[in-house]
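A short worksheet on the structure shown next.
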Amino acid sequence: MVDESVRSPAAATDAASSRGAQLLDVERVSKRFVTSEGVITAVEDVSFSIAPGEFVSIIGPSGCGKSTLFNIVGGLVGDYEGRVTVAGDVVRGTHAAIGMVFQEESTFPWRTVVENVAFPLEVVGMAKDARLERAEHFVAMVGLRGFERRFPTELSGGMRQRVALARTLASEPRILLMDEPFAALDEQTRLLLGDRVLQIQQTLKQTTLLITHNLTEAVQLSDRVLVMTYRPGRLKRLVDIHLPHPRDSEVVSSDAFGRYVAEIWHDLREEASRGIRDDESRVLEGRAKR
Amino acid sequence: MSKAPLREWMASRVGARSIGIATVAALIGLVELAIRAGIVNRFIVPLPSEIIVAIPRIIVEENVLHRFWQTAQELLWASLLLAGAGIPLGALLHRFRIVRLACETWVGALASAPIVLMYPLFLVIFGRSATTIVMIGFAAGLAPVILKTLEGLSGTRQVLLNVGRSFKLTNSQQFWKILLPAALPAVFVGLKLGLIFAMINIVGVEFLINFGGLGQLINELAERYDLPGTYGAICFVILTSIVFFDTTERLERFLRPGE
Ligand SMILES: Nc1ncnc2c1ncn2[C@@H]1O[C@H](COP(=O)(O)OP(=O)(O)OP(=O)(O)O)[C@@H](O)[C@H]1O
Ligand SMILES: [Mg+2]
């Protein structure tokens, strides 16, 4: 069953274009960095698209270029080859249709929870009462009712990430883009937050691109998982996840779940080991130079 | 078992204040004892009890409250100038790399310059007036405000700026809603340092040019060898600092809640 759903990237792109209206299109994107060690190709020839309402994850080993891709799609990095379009509109600079949740802690410590969440509404000039009311709705959605007037320093790391998520949701982006939002959290919290994210995604029909290095998370949440290679960062596989909806974290104990994880790990393992070998040889080289 | 409530009280604001005051009182008591025991020469340091007795006298005879008000006003103007000029200058240095490269070093050098020695120049420009005193206080406190503002703005975490960019903030929104609030703790450190420098210089110049305020009174009392009176007047200088520090801290908590 799993085998049927695994396709080569080229076939997948064809399938995608035949599927018709895509919300996000990433076409042949490459990005090189010039460093003192030479040119690093962080992302090479990556193409994929996401249909409205779809949940797609990109998984890859540390340092394979996930954040670079996140920044390109979000419009924070220019100067790359290829093209990113949102509903046919070419992305140049940040785009109102794309909401970003970052890997690092990103709440504003000088604002209360509700003021943090109201931030994007304040920026576009919504009246105070209206935006606070709207923000409270999203605070409740991420399960933080009762914490509206607290400051981020009074919250745990997981709660702060939920504030950041609610803040991005409040801007009602057509595409939600998340870079390892739960990477710093423990496994249990991560699973339960995953449930939250699934619930939200199902309520809002939110188109989502999640970047992660966590296998469980990718399979638990996604309709589709894209596996990235290490240096240069290319797409290696696309895996459709045919697990039933609505899902919750109970799904991790099912057989089908285990098969998907095994399948993806098979690909990921090779890349991750290359990443580790690469790191080791760089350390040794550094020592030889000295 | 009775330790827990005590520890809680010590951690509360009232508790912390009480402990602070008690410590100062204990130190004063120690000095009193040391002088009475002859360990400290009473012709150099007067008895704290004499200073306390002298305070009502300098209030009535030397009009110390009026002088306190004069010095406080000078400090107030100097602080307003410090905030009004120092923070924008720091922002300017942050905004334009070329200006920063050109100026950062000599602004740093300015911080250690004994500006008070330039008082004759200030006298020539502003006359023997409160303006001279305010301007010297301002000049003395400017460097730390600029440098700390610059440090705070440059230290803003990239991810916060990226949040702003992802919500498509304009440059001015990026400054007022993200950069400045993020920099405020550092800005306030700069303001407090500036306040200290300004205070020292204001009282010093009042003393030197024998014009207005507490510095002049200290000068007069010292020349009369009225040691308890002199120390009493110094107590009012300290009081001025405390009032300003406290106000600054309240302002900081108001502008930047959540810490
Ligand atoms: N601004 C930059 N300048 C030079 N090299 C960079 C830059 N940003 C990223 N790189 C390099 O590009 C590669 C990919 O980095 P990226 O941060 O995208 O990886 P990642 O997959 O997000 O890693 P992680 O899982 O650790 O977050 C890395 O080898 C990194 O050293
Ligand atoms: Mg990353």
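Numbered from 1 within each chain, the chains take letters A, B, ... in sequence-line order.
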Exercise: do A:Gln201 and A:Thr203 side chains pair donor with acceptor under 3.5 Å: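 Judged by distance alone, the side chains do not pair up.
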Sorted by number, residues from residues 128-154 of chain A in contact with chain B (heavy atoms, under 4.5 Å): A:Phe151, A:Thr153
Residues of residues 70-99 of chain A contacting chain B, heavy-atom criterion under 4.5 Å, by residue number: A:Gly75, A:Leu76, A:Thr94, A:His95, A:Ala96, A:Ile98
Hey, is [atom1] on [X] packed in by over 12 heavy atoms from elsewhere, all under 6.0 Å?
X	atom1	answer
B:Ile98	CD1	no
B:Arg253	CZ	yes
B:Trp77	CH2	no
A:Arg174	CZ	no

Can you name the closest pair of heavy atoms from [X] and [Y] and give their distance?
X	Y	result
A:Arg162	A:Leu193	CD-CD2, 3.3 Å
B:Gly141	B:Phe197	CA-CB, 4.0 Å
A:Val117	A:Val163	CG2-O, 4.0 Å
B:Gly213	B:Arg67	O-NH1, 3.0 Å
B:Val107	B:Ala143	O-CB, 3.4 Å

Distance (rounded to the nearest 0.5 Å) between A:Gln206 CD and A:Thr168 OG1: 10.0 Å
CG on A:Asp179 to CD1 on A:Ile211, rounded to 0.5 Å: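 Here the rounded value is 5.0 Å.
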A:Gln103 portion near chain B, given a 4.5 angstrom heavy-atom threshold: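 Neither part.
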Proximity breakdown for A:Thr112 and chain B, heavy-atom pairs closer than 4.5 Å: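 The answer is neither part of A:Thr112.
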Test side-chain hydrogen bond (donor to acceptor under 3.5 Å, both in side chains) applied to A:Glu217 and A:Thr212, step by step: CA-CA 8 Å; A:Glu217 186 173 280; A:Thr212 179; 3.0 Å; yes
Cation-pi check, A:Arg167 onto A:Phe108 ring (under 6.0 Å, within 45° of axis):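 Yes, a cation-pi geometry holds between A:Arg167 and A:Phe108.
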Neighbourhood of chain A inside residues 157-168 of chain B, taking heavy atoms under 4.5 Å as contact: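 Under the 4.5 Å heavy-atom cut-off, B:Arg157, B:Val159, B:Leu160, B:Asn162, B:Val163, B:Arg165, B:Ser166, B:Phe167, B:Lys168 qualify.
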Contact residues of residues 172-181 of chain B (partner chain A; heavy-atom separation under 4.5 angstrom):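 Within residues 172-181 of chain B, the residues that come under 4.5 Å of chain A (heavy atoms only) are B:Gln173, B:Lys177, B:Ile178, B:Pro181.
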Note: [X]-[Y] ion pair, threshold 4.0 Å (strictly below):
X	Y	answer
B:Arg97	B:Glu104	no
A:Glu44	A:Lys31	no
B:Arg17	B:Asp246	yes

